[in-house]
Enquirer: 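Sharing a structure, written as structure tokens. Questions coming.
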Amino acid sequence: APSPVVTIDPDSGVSFYAGVADDPFFLDDTGANLFVASSLMHPGHPDRTLLGKRGRDTYAGFNTLITALSVPAEMLRGKGTHVIGVNALTQRREIQRIVEGGKGGVKGEGEWVTVDRDGNPLVNNGLIPAARKDEYNAATTEDDAKGQFRADLIKDLKNFATDDAHIATILKVVQEKGDILRLDLTVPNSGLGGGDNPNGGFGHMGGRRLKDDVVDIVFTLINNGVLLSDNVDANDVPLRDHFPFVADPTQPFPPGEEPDDHTRQ
């Protein structure tokens, strides 16, 4: 695979990379989905064994398209604060039309609308009920803070048998000031692969690093602080120690060869 080409703006110090890379997310998606489904089928009595029973990394052996930015903190820091908040939106034009003439493609018209959003991990796909996901994706973090989805979050957490104290902790992070991933710039970060020290990363207001096992962290919190793991603890290939941190993409195999492709779906 070719080495990633990083563009650096000499004036601002911002670095940019876009291209194909190994998918750095690690999770047993099937195990997580089965566990979530059990909480809906048996409210208050989920089958916790389903989460880690398989221990297969759904994303192993797959590539993804990466857009990465490295931005000096001072460009994002507000006045008198050391906390940066981030949430990601996917938007499209309100009206989408297939281009005529058999050339394919889509032409957009009208206002830009949000069709997907994420802040903290597993909130959108793990705690928001299916019937309200479109509404949640179209809403804003201000709507979160106003309590638009608070009752749903509490209901689904109770389905997981989460106690009141841990529900309050989770709501404080994901609802009361909006579903926003927060980075405390005073939290130290160091280590290989973009950071792996235990004092930084998700769960310690240290943002979300590629090496952070967010699935275990979140489900353990939902499980009232008792360790609950999908038994997938790291990416299937080593990450880079420098920006953009992601590993090289998996390459096509030579004709006639059928080696292990590392996929573990």
Enquirer: Between R150 and E176, does the side chain to side chain contact (heavy atoms under 4.5 Å, CB included) criterion hold? Intermediate values first, please.
Expert: CA-CA 9 Å; R150 182 181 179 90; E176 292 180 4; 3.9 Å; yes
Enquirer: So, for V215 and F26, which heavy atoms are closest and what is the spacing to 0.1 Å?
Expert: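 Of all heavy-atom pairs spanning V215 and F26, the closest is CG2-O, 4.3 Å.
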Enquirer: Answer yes or no: is there a donor N or O on one side and an acceptor on the other, between the side chain of D248 and the main chain of S3, under 3.5 Å?
Expert: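 Such a contact is absent between D248 side chain and S3 backbone.
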Enquirer: Looking at K158 and D164, is any side-chain nitrogen of the basic one under 4.0 Å from a carboxylate oxygen of the acidic one?
Expert: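 Here D164 pairs with K158 in a salt bridge, since their nearest N and O are under 4.0 Å apart.
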Enquirer: Indicate yes or no for a side-chain donor-acceptor contact from R92 to the backbone of T90 under 3.5 Å, with no hydrogens or angles considered.
Expert: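 Not at all, since once roles are kept as given, no pair shorter than 3.5 Å links the two residues.
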Enquirer: For N137 and D134, which I'm curious about, is there any donor-acceptor pair between the side chains at under 3.5 Å?
Expert: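 No donor-acceptor contact under 3.5 Å links the two side chains.
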Enquirer: Membership question, hydrophobic clusters at under 4.5 Å side-chain separation (ILVMFWY): are I8 and I66 in the same one?
Expert: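 Yes, it is one cluster - the side chains of I66 and I8 are joined through contacts under 4.5 Å.
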Enquirer: Hydrogens and angles aside, do N33 and T30 bring a side-chain donor and acceptor to less than 3.5 Å of each other?
Expert: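 Per modelled atom types, N33 and T30 side chains form no pair under 3.5 Å.
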Enquirer: Just checking, any donor-acceptor pair under 3.5 angstrom between side chains of Y59 and D29?
Expert: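 Note: Y59 and D29 side chains meet the donor-acceptor criterion.
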Enquirer: Could you tell me whether the side chain of N120 reaches within less than 4.5 Å of the side chain of F202, counting heavy atoms only?
Expert: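 A side-chain contact exists here, since the closest heavy-atom pair is under 4.5 Å.
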Enquirer: Could you state the interatomic distance from CD (Q148) to OG1 (T141), rounded to the nearest 0.5 Å?
Expert: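 Output value for this atom pair is 11.5 Å.
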Enquirer: Working note: N199 + H204, criterion side chain to side chain contact (heavy atoms under 4.5 Å, CB included); need CA distance, chi angles, decisive distance, verdict.
Expert: CA-CA 7 Å; N199 294 322; H204 298 278; 5.9 Å; no
Enquirer: Looking only at heavy atoms, which two atoms of N87 and D179 are closest? And how far apart?
Expert: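 What the structure gives for the nearest pair is CB-O, 3.8 Å.
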Enquirer: If I compare all heavy atoms of P121 with all of V214, which pair ends up nearest, and what's the gap?
Expert: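 It is CG-CB, 4.0 Å.
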Enquirer: To the closest 0.5 Å, what do you measure between CG (D57) and CG (N235)?
Expert: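 Between atom CG of D57 and atom CG of N235 there are 6.5 Å.
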Enquirer: Ion pair present between R117 and D144, side-chain N to carboxylate O less than 4.0 angstrom?
Expert: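 D144 and R117: salt-bridged.
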Enquirer: Just wondering, do N197 and R209 contact through their side chains at under 4.5 Å, heavy atoms?
Expert: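 Yes - at least one pair of side-chain heavy atoms lies under 4.5 Å apart.
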Enquirer: Is there a path of hydrophobic side-chain contacts, each under 4.5 Å between heavy atoms, that joins L171 and F160?
Expert: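 L171 clusters together with F160.
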Enquirer: Hey, mind stepping through D47 and H42 against side chain to side chain contact (heavy atoms under 4.5 Å, CB included) and telling me if it holds?
Expert: CA-CA 8 Å; D47 186 349; H42 309 286; over 6 Å; no
Enquirer: Consider only side-chain heavy atoms of I, L, V, M, F, W and Y, link residues closer than 4.5 Å, and tell whether V218 and M205 are in one cluster.
Expert: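 No, because V218 and M205 fall into different hydrophobic clusters, even though each may have its own neighbours under 4.5 Å.
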Enquirer: Which word best sums up how the rings of F149 and Y136 line up, parallel for under 30°, tilted for 30 to 60°, or perpendicular for over 60°?
Expert: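 Rings of F149 and Y136: perpendicular, over 60°.
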Enquirer: Quick one: do L34 and K53 satisfy side chain to side chain contact (heavy atoms under 4.5 Å, CB included)? Show the steps, please.
Expert: CA-CA 10 Å; L34 290 172; K53 190 173 183 178; over 6 Å; no
Enquirer: Nearest heavy-atom pair of V246 and A21: which atoms, and what distance?
Expert: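 Heavy atoms only, the tightest pair is CG2-CB, 3.6 Å.
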Enquirer: Membership question, hydrophobic clusters at under 4.5 Å side-chain separation (ILVMFWY): are V86 and L69 in the same one?
Expert: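 Looking at the clustering, V86 is in the same group as L69.
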Enquirer: Are V232 and F35 joined in one hydrophobic group, where the rule is that I, L, V, M, F, W and Y side chains link up if heavy atoms are under 4.5 Å apart?
Expert: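 Shared cluster, no.
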Enquirer: Just verifying a value: how many Å separate L183 CG and R77 CZ, rounded to the nearest 0.5 Å?
Expert: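 Going from the CG atom of L183 to the CZ atom of R77 covers 10.0 Å.
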Enquirer: Rounded to the nearest 0.5 Å, how far does CG of D216 lie from CG of N231?
Expert: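 Between N231 CG and D216 CG, I get 7.5 Å after rounding to 0.5 Å.
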Enquirer: Does any non-hydrogen side-chain atom of L192 lie less than 4.5 Å from one of K211?
Expert: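 Yes; the side chains approach each other to less than 4.5 Å.
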